Number of protein chains: 2
Amino acid sequence: MRIGELAERAGTSTRTLRYYESRGLLPARRADNGYRTYDEDDLRLLSQIRVLQDFGFELEETRPFVDCLRAGHPAGDSCPASLAVYRRKLAELDGLIGQLADVRDQLGRQLADAERAAGEAAVPKCEMTG
Amino acid sequence: MRIGELAERAGTSTRTLRYYESRGLLPARRADNGYRTYDEDDLRLLSQIRVLQDFGFELEETRPFVDCLRAGHPAGDSCPASLAVYRRKLAELDGLIGQLADVRDQLGRQLADAERAAGEAAVPKCEMTG
DNA sequence: CCTTGCCTTGACGTCGGCGTCAAGGAATAC
DNA sequence: GTATTCCTTGACGCCGACGTCAAGGCAAGG
């Protein structure tokens with residue numbers, strides 16, 4: 001199949017496929033007329049890349065998974081290098097989520113304090129006027 | 001004070017201050033020789049910006065806080081517009097944290113599955129050989 | 001006078017993952 | 001023949017918050 005069909009079947013763009021090729025991630029065979037040619041295996045590699053991209057992996061981080069599939073393994077994560085990326089990514093995510101949760105809590109307190117201050121300014125010393 | 005001193009006292013760079021000025025966020029008075037001149041109030045505005053930046057706010061999102069301080073309010077979040085940004089940011093954070101938690105769980109399962117598969121491949125049908 | 005250290009504006013570089021446009025070749029439909 | 005649609009390479013644009021370099025001005029110390 002050609003680049004347009006592969007892009008459509010994978011739910012991405014031809015530009016993206018050319019970009020992956022430029023990064024050496026998904027090289028293509030060439031037909032006599034110079035057109036890029038792909039097969040079903042390429043679709044599997046591409047699907048693996050897309051899944052990981054959706055997870056927030058950088059392109060380079062998908063490389064071990066692609067290499068693993070290309071080496072004939074049943075899944076992209078059947079290789080130690082891929083598992084290592086999983087673990088790094090998990091640690092990274094845990095750290096990030098923790099940071100964001102901290103920020104979230106601080107912001108929540110800031111908002112509560114600011115709302116309280118605004119309320120007191122609007123109705124000052126309410127209990128003294130009764 | 002001049003730009004270098006303000007930058008140092010705020011723990012940032014002169015480039016950053018010029019950038020803020022170019023965005024209209026922190027304009028500076030000028031001395032006769034053309035040098036930018038700042039006062040203690042500018043340091044407060046800048047500190048407010050930096051705190052919010054550290055929280056992950058975009059520069060534009062800090063503008064209501066700066067405007068609020070400049071209007072003479074005691075804090076950057078003493079104005080409704082600032083509170084609105086707080087609330088938007090909280091919602092945004094909650095959404096993001098939720099997404100990341102989902103990804104984290106999926107990744108954790110992927111890793112567990114892949115590790116189990118690798119283990120079974122290494123010691124296949126262990127209970128059948130006993 | 002000369003050096004040093006601050007300041008000025010202007011402009012290009014960074015990072016990732018593409019989008020988008022341009023100019024032209026190739027294959028298919030009619 | 002020609003209209004359409006696919007394909008090719010090349011190259012600039014984008015986003016955000018600056019970093020970094022260049023060329024030159026201004027002030028103070030020795």
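Model, not experiment: these values are computed from the prediction. First the proteins, then the strands, lettered A, B, ... as listed; each starts at 1.
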Tell me: [atom1] of [X] to [atom2] of [N], nearest whole Å?
{"X": "B:L59", "N": "D:dC18", "atom1": "CG", "atom2": "P", "result": "7 Å"}
{"X": "A:F55", "N": "C:dG17", "atom1": "CZ", "atom2": "P", "result": "16 Å"}
{"X": "A:M1", "N": "D:dC7", "atom1": "CE", "atom2": "P", "result": "12 Å"}
{"X": "A:E5", "N": "D:dC7", "atom1": "CD", "atom2": "P", "result": "9 Å"}
{"X": "A:I49", "N": "C:dG17", "atom1": "CD1", "atom2": "C1'", "result": "13 Å"}
{"X": "B:D32", "N": "D:dG25", "atom1": "CG", "atom2": "P", "result": "19 Å"}
{"X": "B:R2", "N": "D:dG25", "atom1": "CZ", "atom2": "P", "result": "18 Å"}
{"X": "A:Y38", "N": "D:dC6", "atom1": "OH", "atom2": "P", "result": "16 Å"}

[N] phosphate, OP1 or OP2: any side-chain N/O from [X] under 4.0 angstrom?
{"X": "A:R50", "N": "C:dG17", "result": "no"}
{"X": "A:R36", "N": "D:dC7", "result": "no"}
{"X": "A:N33", "N": "C:dA27", "result": "yes"}
{"X": "B:Q53", "N": "D:dC18", "result": "yes"}

Any chance you could lay out the ring pair (Phe, Tyr, Trp, His ring centres under 6.0 Å) test for B:Y86 and B:F55, step after step, and finish with the verdict?
CA-CA 11 Å; B:Y86 271 162; B:F55 277 166; 8.1 Å; no

Please round to the nearest 0.5 Å and tell me the distance separating atom OH of A:Y19 and atom CG of A:L25.
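The CG atom of A:L25 is 9.5 Å from OH of A:Y19, to the nearest 0.5 Å.
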
Are A:E61 and A:E92 close enough that some pair of their side-chain heavy atoms sits under 4.5 Å apart?
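Side-chain contact under 4.5 Å: yes.
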
Could you tell me whether the side chain of A:V103 reaches within less than 4.5 Å of the side chain of A:Q99, counting heavy atoms only?
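They are not in side-chain contact.
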
For the pair A:D54 (side chain) and A:V51 (backbone), establish whether a donor and an acceptor sit closer than 3.5 Å, ignoring hydrogens and angles.
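No, the answer is negative, given that no donor and acceptor are paired below the 3.5 Å cut-off.
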
If only atom types and distance count, is the side chain of B:S82 paired as donor or acceptor with the main-chain N or O of B:G76 below 3.5 Å?
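Yes; at least one donor-acceptor contact below 3.5 Å.
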
May I ask you to decide whether A:E115 forms a salt bridge with B:R87, counting only side-chain N to carboxylate O separations under 4.0 Å?
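Result for this pair is yes, salt bridge flagged.
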
Near DNA chain C, under 4.0 Å by heavy atom, which residues of residues 6-26 of chain A?
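Under 4.0 Å from DNA chain C: A:S13, A:R15, A:T16, A:Y19, A:Y20.
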
